[in-house]
Student: 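After the structure tokens below, expect a handful of questions from me.
Computed from a predicted structure; not experimentally measured. Here is the naming used below: chain letters follow the sequence lines, and residue numbers restart at 1 for every chain.
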Amino acid sequence: MIQMYFTPIDYDYFDFEGRNYARIIGRNSEGRRICIIDDCPIYFWAILKNRLKQAKIKKLIEKIEKIKLDLKGRQTRVEKVELHDKHFLGKKVKALKIFATNYKDLHDIADKLGVPEIIKRRGYDLGFITHYIIEKKIAPLCWYEIEGEVLTNSQEFGGIDAAMDVDLCINLKEFKKIKEKKFKPKVLAYDIEVDEFKIGHGEILMVSLVGENFKKVITWKKIAKKPSYVEYVKDEEELLEKFIACVRDVSPDFLVGYFSDGFDLPYLRARAEKLKVPLSLGLDGTQPKFSRGAIMTGKIKGIVHVDLLRFIQTAYAQYMQSETLSLNEVSKEFLGDTKKDFQIKHSSTLDEKQMRDYFEYNLHDSVLTYQLFEKFWPDLLEFAKVIQEPIFDISRNGLSKQVGSYILHNLEKYNEIPEKRPTYDEIGVRRQRGPVEGAFVLEPTPGLYKNIALFDFTSMHTSIIISMNISGPTLLEKPEKNSNSIETKMGKFYFTKKPGFIPLLLKDIFEQRKKAKAEYKKKPDRITLARSNAFKLLSASVHGYIGFFGARYYSKESSASILAYVRKFNQDTIKNIEEKRYKVLYGDTDSIAFLVDGKTKAQINQLLEELNSELPGIMELELEGFFKRGIWVTTRGGIIGAKKKYAMIGKDNKIKIRGFETVRRDWCKLAREVQNKVIRLILKEGNEKKALKYLKGVAKKLKNREIDKNDLIIKTMLKKPLSEYRAISPHVIAARKMQEKNIPISGGNLITYYIAETRERKKLVREKVKLPDEKGEYNIKYYLERQLLPAVENIFNIFKIDTKEIISGKKQMTLGDF
DNA sequence: ATATACACGGATCCCCTATTTCC
DNA sequence: GGAAATAGGGGATCCGTGTA
């Protein structure tokens, strides 16, 4: 027997003699790599019909206990059956806990239970790892004092210890959770360079590897003076072998790439296959396994393969400034560093110096990836600990999956049996029912306003779910007295006031977030911040989860009700503010902007307090801030006020711009910058004259072809494969042109192009599209009339200035000379 | 494949009518 | 003179990208 402190990092499982065993790879407190083997009770639930007689239940149990199955070359049987008092969807039920030998057979056993006494069968679709973590509570990256039997050259489990490249293999006997210990994971970042982008179609030229005190570029492209970090190999075959040897040598906990699920790892595999080099990266010598599906996922046994891009996509993208999630932009935002400048060309055309730059470039990509991982590690760590799923999944799962996992791991507190995943057909039906009515947006009156106050509801959807106790299980079938009710387009819905487990769970998330936030304020550090963010993201996603057709706890009625409350509280509050004789300018979902109108700060706070006193439960309205000026414009060509488009300037001169072309990446830089400057000039001084003068200057430059073509590039995302486009828009044409030039194009590519002059008169914009490096002159008419003017004309319209006339020079200026 | 709805606005698509062109 | 081609207007639709 051996005893040690241990933290789990990666989980998988195997079958031995028909039984499931979890295999957990982790580290002990000395930093040694440990593999522990453990099992857990395997069972699912059969929910019984109401008021079954004891004798009948007993008979049923006896019958079930006799079930034996022989499938997939494996014998399986029910080992025992217990009767339990449980909850299902918030209701008390009697349920049978049916134990069996193999998790994979639970579904088949459940299929054998089609008897009238059993109304539902649940809990067989969680996945073994999730089931195991729930059952044993050995959660990722927590710390445990473990006790077990060392496996050395033992025949137990088919000689597993000999196959695994770890320091120690232990058959777990006892464990208990202990206080957190410091843990610094071993990380290796990697990146490959190739000549042909299509997976496996070209040779791998080089691969870089970066770890702590470790920097290497492996290549067979040889030059005269090689940098010290470069290591030569004979050919591509040897490059693969060397790469594998390096990974095995460093033996990292995490092998990290950027877009490596979609590119680097599949490329390595494809080349390895072609050259018949086994890509044995796994700790047991196995090759990476790729899951099918639109997005490929590469899994390496024992080493957690992390594609950072995917984690950033789900957990961070919505809070980021970057326009794309390219390694370059993300590094700039989070590290203040960028990729090395290097124009990638076919390697055969590169001279010695360029090749040296290429090495440097390749290495630096891994350096950035390594540093980004360090940056995001606290977030990955806290997410994994909060949600209790392995980092491999945490780093790839979308928000619905994360919320779903969190719920599953916390059901036991409420004695709940898990609901099943919807079937494919059920999802189809749910999707067909269409969307529910969303939030309310108040139409603004266009204009420039002074002294504005902004209120907003704190975590509005979340606080409504909690305060009004909304969820599928708390929805009442029939109206009841003393319940919460709300009118929606789908009908009137009633929710019990007896707290349901989903609102309670959400309340718990909400409170834990508050706690983490307070902790962070007291002692700001990366970990408490990450924890706070994890709870924040989780709590903000629950409403989306409830309305998501793939969710276990999907409830369209609940989603409709939440949104109906959102509208109601916002509209009622607007009415209340107006009744107090304030002029409300604008409101969107959970916010309300209104004129201060000479009132003092204390009076506004008094108003806030009054409004808050009428709100139920934990709902709260807060003062977001005071603003010196704000502008709202009309819709294009219309007279009505445009929603989701405004700009305000705070007391601190900080400018908040929402929805305007300035913040949209599918407008050219010139239009965006000019609009931004115009907005700033107007907000800062409340005077449009300077802005107009500035605009005139830019228009003149544009007409004289003095504008840099780079400022006129339009960027648009290709969102799907080229062939799927029904409307052939300019960016589709640009993408086709790129394809003709053998630049690989796929959904997710940011397409750049500009609009050029053409010899003949062409009607459609798409006929004037040119790629940035294509020769041509920019189309003055297009950029004037379709970019520059549209971006600012609505703003000047507020001041009754018609920019069209001024720019085209058809009419004398009405504002005097400047 | 998958958190939700609302909203703007460019560009094309598509149908219609009026006008021009062609034989 | 009549059919076919073309232009253009305007609403519908597609598409991308924001706000919340």
Student: Just checking A:Y586: base, sugar-phosphate only, or nothing, at a heavy-atom cut-off of under 4.0 Å?
Tutor: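 Contact class for A:Y586: none.
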Student: Are A:D588 and A:R658 close enough for a salt bridge, meaning some N to O gap below 4.0 Å?
Tutor: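 So A:D588 does not pair with A:R658 through a salt bridge.
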Student: Could you list by number each residue of residues 432-447 of chain A showing a heavy-atom separation from DNA chain B of less than 4.0 Å, or answer none if no residue does?
Tutor: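 Heavy-atom cutoff 4.0 Å gives A:P435, A:V436, A:E437, A:G438, A:A439, A:V441.
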Student: Would the number of heavy atoms belonging to other residues, nucleotides or ligands and lying under 6.0 Å from NZ of A:K770 be above 12?
Tutor: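 Counting other residues, nucleotides and ligands, NZ of A:K770 exceeds 12 neighbours.
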Student: Does a salt bridge link A:K737 with A:E774, judged by any charged N lying under 4.0 Å from a carboxylate O?
Tutor: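 Judged by the 4.0 Å cut-off on N to carboxylate O distance, A:K737 and A:E774 do form a salt bridge.
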Student: How many whole angstroms separate atom CG of A:L563 from atom P of B:dA7?
Tutor: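 So the CG-P distance, A:L563 to B:dA7, works out to 12 Å.
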Student: For A:K556 and B:dT4, is the shortest distance between a side-chain N/O and OP1 or OP2 below 4.0 Å?
Tutor: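 Looking at the OP1 and OP2 atoms of B:dT4, neither is under 4.0 Å from any side-chain N or O of A:K556.
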Student: What are the residues of residues 540-554 of chain A, sorted by number, that bring a heavy atom to within less than 4.0 Å of DNA chain B?
Tutor: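 Close to the strand are A:G544, A:G547, A:F548, A:F549.
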Student: Output the rounded distance in Å from CD1 (A:I464) to P (B:dA5).
Tutor: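 It is 16 Å, rounded to the nearest whole Å.
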Student: Closer than 4.0 angstrom, basic N to acidic O: yes or no for A:K720 and A:E724?
Tutor: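 Result for this pair is no, no salt bridge flagged.
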Student: With rounding to the nearest 0.5 Å, note down the distance linking CG in A:L771 to CZ in A:R736.
Tutor: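 With rounding to 0.5 Å, CG (A:L771) is 13.5 Å from CZ (A:R736).
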Student: Between A:F548 and A:H543, is the gap from one ring center to the other below 6.0 Å?
Tutor: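 Ring centres of A:H543 and A:F548 not closer than 6.0 Å.
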Student: Expressed in angstrom and rounded to an integer, what is the separation of A:D588 atom CG from B:dC8 atom P?
Tutor: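 Rounding to the nearest Å, CG of A:D588 and P of B:dC8 are 10 Å apart.
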Student: Ion pair present between A:E382 and A:K385, side-chain N to carboxylate O less than 4.0 angstrom?
Tutor: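 A salt bridge is present here (some side-chain N lies under 4.0 Å from a carboxylate O).
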Student: Is the closest basic N to carboxylate O distance between A:E443 and A:K644 below 4.0 Å?
Tutor: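 A:K644 and A:E443: not salt-bridged.
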Student: Heavy atoms under 4.0 Å, any strand shown: does A:K720 hit a base, just sugar-phosphate, or nothing?
Tutor: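 Sugar-phosphate only.
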Student: Assess whether atom CZ of A:R680 is packed by more than 12 heavy atoms of other residues, nucleotides or ligands within 6.0 Å.
Tutor: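 Yes.
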Student: Measure from CG on A:L506 to P on B:dA3 and round the result to the nearest Å.
Tutor: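 Nearest whole value for this atom pair: 18 Å.
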Student: What contact category does A:H731 fall into here, base, sugar-phosphate, or nothing, at under 4.0 angstrom with non-hydrogen atoms?
Tutor: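 Counting heavy atoms under 4.0 Å across all strands, the contact made by A:H731 is with sugar-phosphate only.
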Student: Any side-chain N or O of A:K644 less than 4.0 Å from the OP1 or OP2 oxygen of B:dA7?
Tutor: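 Checking B:dA7 against A:K644, no side-chain N or O comes under 4.0 Å of OP1 or OP2.
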Student: Within 45 degrees of the ring normal and closer than 6.0 Å to the centroid, is that where the cationic atom of A:K645 sits relative to A:Y586?
Tutor: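 No cation-pi geometry.
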Student: Please tabulate, for the side chains in residues 454-465 of chain A, all donor-acceptor contacts under 3.5 angstrom to protein atoms that are two or more places apart in sequence or on a different chain.
Tutor:
| unit_1 | atom_1 | unit_2 | atom_2 | d |
| --- | --- | --- | --- | --- |
| A:T458 | OG1 | A:E620 | O | 3.0 |
| A:T462 | OG1 | A:S539 | O | 3.0 |
| A:S463 | OG | A:S459 | O | 3.1 |
| A:S463 | OG | A:M460 | O | 3.0 |

Student: Across the strands shown, which category fits A:R658 at heavy-atom distances under 4.0 angstrom: base, sugar-phosphate, nothing?
Tutor: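 A:R658: backbone/sugar contact only, no base atoms under 4.0 Å.
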Student: Classify the nucleic acid contact of A:R431 as base, sugar-phosphate or nothing, counting any heavy atom under 4.0 Å across all strands shown.
Tutor: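 A:R431: base contact, heavy atoms under 4.0 Å.
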Student: List the protein contact pattern of nucleotides 10-19 of chain B with one symbol per nucleotide (5' to 3'): B for base contact, S for sugar-phosphate-only contact, - for none; contact means a heavy-atom distance under 4.0 Å.
Tutor: SSSS------
Student: Flag the pair A:K715 and A:E329 as a salt bridge only when some basic side-chain nitrogen lies within less than 4.0 angstrom of an acidic carboxylate oxygen.
Tutor: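 No, A:K715 and A:E329 are not salt-bridged.
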Student: Could you measure the distance from the OG atom of A:S561 to the NZ atom of A:K568? Nearest 0.5 Å is fine.
Tutor: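 One finds 13.0 Å between OG of A:S561 and NZ of A:K568.
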Student: Rounded to the nearest 0.5 Å, how far does CD of A:Q675 lie from CD1 of A:I795?
Tutor: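 If I round to the nearest 0.5 Å, the distance is 4.5 Å.
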Student: Rounded to whole angstrom units, what separation is found between the CG atom of A:L538 and the C1' atom of B:dA3?
Tutor: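 Computing the A:L538:CG to B:dA3:C1' distance gives 12 Å.
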Student: How many angstroms lie between atom CG of A:D590 and atom CZ of A:F440, to the nearest 0.5 angstrom?
Tutor: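 CZ of A:F440 is found 13.0 Å from CG of A:D590.
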Student: Between A:E426 and A:K420, does at least one N-O distance fall below 4.0 Å, as a salt bridge requires?
Tutor: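 So A:E426 pairs with A:K420 through a salt bridge.
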Student: Take A:Y754 and A:N779, measure what side chain to side chain donor-acceptor pair (under 3.5 Å) needs, and give me the verdict at the end.
Tutor: CA-CA 9 Å; A:Y754 72 100; A:N779 190 311; over 6 Å; no
Student: Quick one: how far along DNA chain C does chain A reach, first to last nucleotide 5' to 3', anything under 4.0 Å to a heavy atom?
Tutor: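 So the contact region on DNA chain C extends C:dC14 to C:dA20.
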Student: If I take atom CD in residue A:Q675 and atom C1' in nucleotide B:dG9, what distance separates them, rounded to the nearest angstrom?
Tutor: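 Atom CD in A:Q675 sits about 13 Å away from atom C1' in B:dG9.
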Student: Expressed in angstrom and rounded to an integer, what is the separation of A:Q313 atom CD from B:dA1 atom C1'?
Tutor: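 Rounded to the whole Å, the gap is 12 Å.
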Student: I need the residues from residues 403-410 of chain A with at least one non-hydrogen atom less than 4.0 Å from DNA chain B; give them sorted by number, or say none.
Tutor: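 Close to the strand, none.
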Student: Mind calculating the distance between CG (A:D590) and P (B:dC6) to the nearest angstrom?
Tutor: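 About 15 Å, once rounded to whole Å.
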